[in-house]
Number of protein chains: 2
Amino acid sequence: MTDDLGLRERKKLATRQALCDAALKLALAEGVTTLTPERIAEKVHVSPRTFRNYFSSKEEAIVAGLQDRAQQVAENLRRRPADEPIWESLRAVLVPSLDTGMPGPDLRHLLGLIRCHHALLAEHLTSFEALSRQMAEVIAERTGTDVNRDIYPRLLADVSGIALKASLGLWATGTTGRGLGDIFGEALDLLSRGLPRPAVAPEHSADTGPPAT
Amino acid sequence: MTDDLGLRERKKLATRQALCDAALKLALAEGVTTLTPERIAEKVHVSPRTFRNYFSSKEEAIVAGLQDRAQQVAENLRRRPADEPIWESLRAVLVPSLDTGMPGPDLRHLLGLIRCHHALLAEHLTSFEALSRQMAEVIAERTGTDVNRDIYPRLLADVSGIALKASLGLWATGTTGRGLGDIFGEALDLLSRGLPRPAVAPEHSADTGPPAT
DNA sequence: GGAAAACTTGCACGTTCGGAAAAAAGACGT
DNA sequence: ACGTCTTTTTTCCGAACGTGCAAGTTTTCC
């Protein structure tokens, strides 16, 4: 990971990581509104001015972790074999992305903050949008379509994004006892079948989750 | 429309409308970065502080028109007969929403601005998100599902949103000679069929659009 | 070792944001 | 029509934010 990077590059990465870790930790601990860039900078022992060199707002720093992960998803998709069916490629890169490396309760808490805080939500959504654009390009390349002539790649990219978003949203409520991967699998299935109208009353759809894999 | 509202209410609505009209017009004319809240307020003959009472940023004012339209979509959906198939209800409210009441070139221009400007994009996306949340609730009600237990209503609401977003995005490029309604119809069709992989090379998929209905 | 490049930092300036209270305008009862 | 109450608009103002610049420090490269 930290392979052939010079000392300078590694340090930059390290402070960036430290900053967004601190931002996230403080946001979870004390909320977003009372949190100031100064405090974040202080915790990492850099000047407030340096914080601004990395992030243009506290909100950007807080969601930077998720955003970085989104970037990885796009890159991972690029790395999949070109002849793999596109839905399989998507599943292969999206499912692992569900593991954010954060403890579950913290992730729920963070999603709650994002949901309520306008600026945080905006930042989060733009990162999703950026991911979609990149994925649309890869999808177009893999399926022989054209981003600027066909609707298909945009739709498939966006659909992948909302599968993630909707699954996270439902999981974050905590009202279903199901795991995130389980919910996400169902979402992909439903989407790939064109969202058929549910029988009538799913009643206990949460019962004994179907094996995702 | 302006029925049983007192003079005070009507005036409020009027200034709000005037403000977001002015914001949009100025943004289209001179760009977003150089535009200041002062100028917008000045054009409507109110103080800058009043502008802030209505909108918390110039970006919010610029996209307020689209946002209001999104609100209407949600309300129109609520008004559809409860026994109508949900896909038909969605089509019935979304298709008319394509007519933004703006001249085509202006709309393209605006979408271009939104696409490039981070703050504008963020504002625009949050309005889409707000729309999705409302639509998810209505969809849940109509289909006998539960927003907090089933993934279905969230997915269907989000899918409707991206059908709009992707169609607008493709149409705005102007590289297909097709109409917005045409593109949107194809998007809904594809989505309702689970985004089947396109044959292989659509080659000239833009040719003589397929009859949507 | 030393020059060049990059990063950090403090300072300063203009802008933005939002609260508080006075002034203006509408609503309402008599 | 008048006075009073409520709501909106406005002025004033201080705090926070964002950004450019130049000096100081660290890393890189020769």
Side-chain angles (χ1 to χ4, degrees), chain A residues 2-23 26-27 30-64 67 113 116-123 126, chain B residues 1-23 26-27 30-64 113 116-123 126:
Chain A
T2 62
D3 273 3
D4 50 348
L5 294 162
L7 173 58
R8 182 176 281 162
E9 301 295 325
R10 266 180 292 147
K11 269 194 159 180
K12 255 177 81 171
L13 264 293
T15 54
R16 190 191 140 90
Q17 195 60 42
L19 280 172
C20 82
D21 281 358
L26 289 173
E30 66 178 83
V32 183
T33 51
T34 68
L35 179 58
T36 71
E38 282 79 6
R39 199 99 46 73
I40 304 173
E42 186 186 21
K43 189 165 181 180
V44 186
H45 306 296
V46 295
S47 76
R49 187 65 182 83
T50 297
F51 174 82
R52 294 209 173 317
N53 285 341
Y54 284 90
F55 304 103
S56 59
S57 67
K58 59 185 179 187
E59 286 84 5
E60 194 177 320
I62 294 172
V63 300
Q67 212 151 348
L113 290 181
C116 299
H117 216 81
H118 184 86
L120 264 188
L121 179 62
E123 202 62 48
T126 52
Chain B
M1 203 139 180
T2 62
D3 274 4
D4 51 348
L5 294 162
L7 173 58
R8 186 174 277 165
E9 302 293 326
R10 266 181 292 146
K11 269 199 158 183
K12 252 177 86 170
L13 264 293
T15 53
R16 190 192 138 90
Q17 194 59 43
L19 281 173
C20 81
D21 282 357
L26 288 174
E30 66 176 85
V32 183
T33 50
T34 69
L35 179 59
T36 72
E38 281 81 3
R39 199 100 44 73
I40 303 173
E42 186 186 21
K43 188 165 183 180
V44 186
H45 306 296
V46 295
S47 77
R49 188 67 180 80
T50 297
F51 173 81
R52 281 194 185 310
N53 284 341
Y54 285 90
F55 304 102
S56 60
S57 66
K58 60 185 179 186
E59 286 85 5
E60 194 177 320
I62 294 172
V63 300
L113 290 181
C116 297
H117 218 79
H118 183 89
L120 263 188
L121 178 62
E123 204 61 48
T126 53

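Values below: all heavy atoms of this structure, side chains included; hydrogens, waters and symmetry mates excluded. In what follows, every chain begins at residue 1, and chains take the letters A, B, ... in the order their sequences are listed. Owing to the predicted nature of the structure, the values given are computational and were not obtained by experimental measurement.
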Interatomic distance where [atom1] belongs to [X] and [atom2] belongs to [N] [whole Å]:
| X | N | atom1 | atom2 | result |
| --- | --- | --- | --- | --- |
| A:Lys12 | C:dT9 | NZ | P | 14 Å |
| A:Arg10 | D:dT28 | CZ | C1' | 13 Å |
| B:Leu13 | D:dT7 | CG | C1' | 15 Å |

Per-nt protein contacts along nucleotides 25-30 of chain C (heavy atom under 4.0 Å; B base, S backbone sugar-phosphate only, - none) come out as BBS---
Nucleotide by nucleotide, nucleotides 10-21 of chain D touches protein heavy atoms under 4.0 Å in the pattern (B base, S sugar-phosphate only, - none) BB-----SBBBB
**Study point:** Sugar-phosphate, base or nothing in reach of B:Phe55, heavy atoms under 4.0 Å
**Key:**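 B:Phe55: no heavy atom of the nucleic acid under 4.0 Å.
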Q. Atom CG in A:Leu121, atom CD in A:Glu59: separation rounded to 0.5 Å?
A.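 Spacing of CG (A:Leu121) from CD (A:Glu59) equals 11.5 Å.
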At what distance, to the nearest 0.5 angstrom, does CG of B:Asn53 lie from OG of B:Ser47?
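Between atom CG of B:Asn53 and atom OG of B:Ser47 there are 7.5 Å.
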- Task: Give me the bend of the helix from C:dG1-D:dC30 to C:dT30-D:dA1, using the axes of the five pairs at each end, rounded to 10°.
- Result: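 Here the helix ends are tilted 30° relative to one another.
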With a 4.5 Å limit on heavy-atom distance, are the side chains of A:Leu19 and A:Arg16 in contact?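 The answer is no, as the side chains (C-beta and beyond) never meet within the 4.5 Å cut-off.
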Item to check | Sub-4.5 Å side-chain heavy-atom contact between B:Leu35 and B:Ile62 | outcome: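 B:Leu35 vs B:Ile62: side chains touch.
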Q. Between A:Lys43 and A:Leu26, is a side chain to side chain contact (heavy atoms under 4.5 Å, CB included) present by the stated rule, with each step listed?
A. CA-CA 9 Å; A:Lys43 189 165 181 180; A:Leu26 289 173; 4.1 Å; yes
Answer yes or no: is there a donor N or O on one side and an acceptor on the other, between the side chain of [X] and the main chain of [Y], under 3.5 Å?
| X | Y | value |
| --- | --- | --- |
| B:Thr50 | B:Val46 | no |
| B:Lys58 | B:Ala23 | no |
| B:Thr34 | B:Glu30 | yes |

message = Between A:Glu38 and A:Phe51, is the side chain to side chain contact (heavy atoms under 4.5 Å, CB included) condition met? List the steps.
response = CA-CA 8 Å; A:Glu38 282 79 6; A:Phe51 174 82; over 6 Å; no
Side chain to side chain contact (heavy atoms under 4.5 Å, CB included) evaluation trace for A:His118 with A:Glu123: CA-CA 9 Å; A:His118 184 86; A:Glu123 202 62 48; over 6 Å; no
Which is it for B:Glu60 and B:Tyr54 under the side chain to side chain contact (heavy atoms under 4.5 Å, CB included) test, yes or no, and what are the steps along the way? CA-CA 9 Å; B:Glu60 194 177 320; B:Tyr54 285 90; over 6 Å; no
* A:Tyr54 vs C:dC7: side-chain N/O to OP1/OP2 distance below 4.0 Å ->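 Checking C:dC7 against A:Tyr54, no side-chain N or O comes under 4.0 Å of OP1 or OP2.
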